Amino acid sequence: MSIPEGFSLRSARDEDAERAAELVNEEALLHLGTPIWSTDQVLRHWSNPVVDRERDIAVVEAPGGEICAWLSLVCGPPHVEVFALGVVGLAWHGSGLGAWIVAENERRAHRFIQLAPAGARFVIHAGTLADDPAVAALFVAAGYREIRRFQ
């Protein structure tokens with residue numbers, strides 16, 4: 001699956017963290033009524049010692065160059081659980097970016113299978129902020145199933 005036409009992908013830089021937090025928080029404010037990530041939290045997430053920022057973190061730019069989405073993977077030893085995150089700004093919901101990010105995170109996660117112990121069960125954990133039927137349908141279509149819900 002290729003990125004939707006007009007969008008581009010690049011590695012995340014420290015100066016992108018403020019916009020990344022804004023994208024998380026605009027949806028959190030809509031669904032939860034409160035922001036949930038600061039710029040510092042995004043930078044800490046992107047700087048996790050087990051994260052290879054070039055391979056595990058990326059931002060998506062809209063046709064005008066504005067950061068409109070981002071993705072991340074976190075997977076430390078023994079490399080059997082990948083924690084995948086995908087954030088799409090509200091203005092770009094319905095553009096195909098969400099489905100593309102799920103597929104891109106899966107594509108990138110395959111490198112960890114080679115690092116896992118032979119025969120180990122390998123899983124990708126992904127989550128959403130709220131009961132958004134479109135996001136739920138996206139994950140179901142990709143073969144995910146709900147395991148746990150936090151409030």
Side-chain angles (χ1 to χ4, degrees), residues 1-76 79-112 122-151:
M1 171 179 245
S2 58
I3 193 166
E5 190 170 333
F7 294 94
S8 61
L9 182 70
R10 67 169 172 78
S11 296
R13 301 184 289 255
D14 284 355
E15 59 267 22
D16 299 328
E18 182 176 0
R19 177 66 179 145
E22 288 172 0
L23 291 172
V24 170
N25 288 331
E26 74 179 5
E27 192 154 4
L29 286 166
L30 176 69
H31 294 293
L32 306 173
T34 187
I36 59 172
W37 274 28
S38 68
T39 300
D40 288 340
Q41 286 170 303
V42 171
L43 283 170
R44 279 194 304 276
H45 178 74
W46 290 358
S47 301
N48 184 317
V50 301
V51 168
D52 175 345
R53 193 181 297 190
E54 290 297 314
R55 295 160 89 181
D56 301 335
I57 311 291
V59 296
V60 177
E61 293 180 338
E66 178 181 10
I67 295 173
C68 62
W70 61 279
L71 59 89
S72 75
L73 298 175
V74 177
C75 183
H79 305 292
V80 295
E81 291 183 293
V82 176
F83 295 88
L85 179 62
V87 178
V88 177
L90 293 176
W92 294 275
H93 280 201
S95 67
L97 281 175
W100 177 80
I101 286 174
V102 171
E104 180 66 8
N105 271 341
E106 289 177 353
R107 185 191 71 74
R108 289 172 181 236
H110 278 278
R111 77 180 177 89
F112 296 112
F122 181 83
V123 298
I124 298 175
H125 299 282
T128 66
L129 278 181
D131 293 326
D132 183 332
V135 174
L138 183 149
F139 278 112
V140 167
Y144 289 80
R145 61 186 170 94
E146 185 175 325
I147 300 294
R148 185 173 304 132
R149 189 174 288 225
F150 298 93
Q151 295 191 353

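Because the structure is predicted, anything quoted here is derived from the model rather than measured. Count residues from 1 along the sequence.
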Could you walk me through whether L90 and L30 satisfy the side-chain contact (heavy atoms from CB on, under 4.5 Å) test, starting with their C-alpha distance in whole Å, then the side-chain angles of each, then the deciding distance to 0.1 Å, before giving a yes or no?
CA-CA 10 Å; L90 293 176; L30 176 69; 4.1 Å; yes
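- Taking every heavy atom of both residues into account, E61 and C68 meet most closely at C-SG, 4.0 Å.
- Side-chain contact check for C75 versus F83: every heavy-atom pair is 4.5 Å or farther apart.
- Here the shortest heavy-atom pairing between F122 and A109 reads CZ-O, 3.6 Å.
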From CA spacing to verdict: side-chain contact (heavy atoms from CB on, under 4.5 Å), V88, W100: CA-CA 11 Å; V88 177; W100 177 80; over 6 Å; no
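- From E18, atom CD reaches atom CG of D40 across 10.5 Å, with rounding to the nearest 0.5 Å.
- Of all heavy-atom pairs spanning A69 and L23, the tightest one is N-CD1, 3.6 Å.
- Taking CD1 of I36 as the start and OG1 of T34 as the end, the distance is 8.5 Å to the nearest 0.5 Å.
- Considering all non-hydrogen atoms of both residues, L138 and V102 come closest at CD2-CG2, 3.1 Å.
- Among residue pairs with one or both ends in residues 42-68, those qualifying as ring pair (Phe, Tyr, Trp, His ring centres under 6.0 Å) are W37-H45, W46-W70; sequence neighbours excluded.
- Residues D52 and R108 are not paired through a salt bridge, judged by the lack of any N-O separation under 4.0 Å between the basic side chain and the carboxylate.
- Nearest heavy-atom pair, I3 versus L97, reported as atom, atom and distance to 0.1 Å: CG1-CD2, 4.3 Å.
- Contact check for D16 versus R10: side-chain heavy atoms found under the 4.5 Å cut-off.
- Rounding to the nearest 0.5 Å places CD of E27 at 9.0 Å from CG of L32.
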Margin query: Checking F112 against D56 for the side-chain contact (heavy atoms from CB on, under 4.5 Å) test, could you report, in this order, the C-alpha distance in whole Å, the side-chain angles of both residues, the deciding distance, and whether it holds?
Written below: CA-CA 11 Å; F112 296 112; D56 301 335; 3.7 Å; yes
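- In this view, H125 and E81 satisfy the side-chain hydrogen bond (donor to acceptor under 3.5 Å, both in side chains) rule, not counting sequence neighbours.
- For the atom pair CD1 of I67 and CD of E15, the computed distance is 8.5 Å after rounding to the nearest 0.5 Å.
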### Message
Using the rule given for side-chain contact (heavy atoms from CB on, under 4.5 Å), can you reason through M1 versus R107, listing the C-alpha separation, both sets of side-chain angles and the distance that settles it, and then say yes or no?
### Response
CA-CA 10 Å; M1 171 179 245; R107 185 191 71 74; over 6 Å; no
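- Listed here is the closest heavy atom pair of N105 and L85: ND2-O, 3.2 Å.
- Separating the CZ atom in R53 from the CG atom in N48 is a distance of 11.0 Å, to the nearest 0.5 Å.
- The NE2 atom of H79 sits 8.5 Å away from the CZ atom of R111 when rounded to the nearest 0.5 Å.
- In Q41, the CD atom is crowded: over 12 heavy atoms of neighbouring residues, nucleotides or ligands sit closer than 6.0 Å.
- Under 3.5 Å, the side chains of S11 and E54 contain a donor-acceptor pair of N or O atoms.
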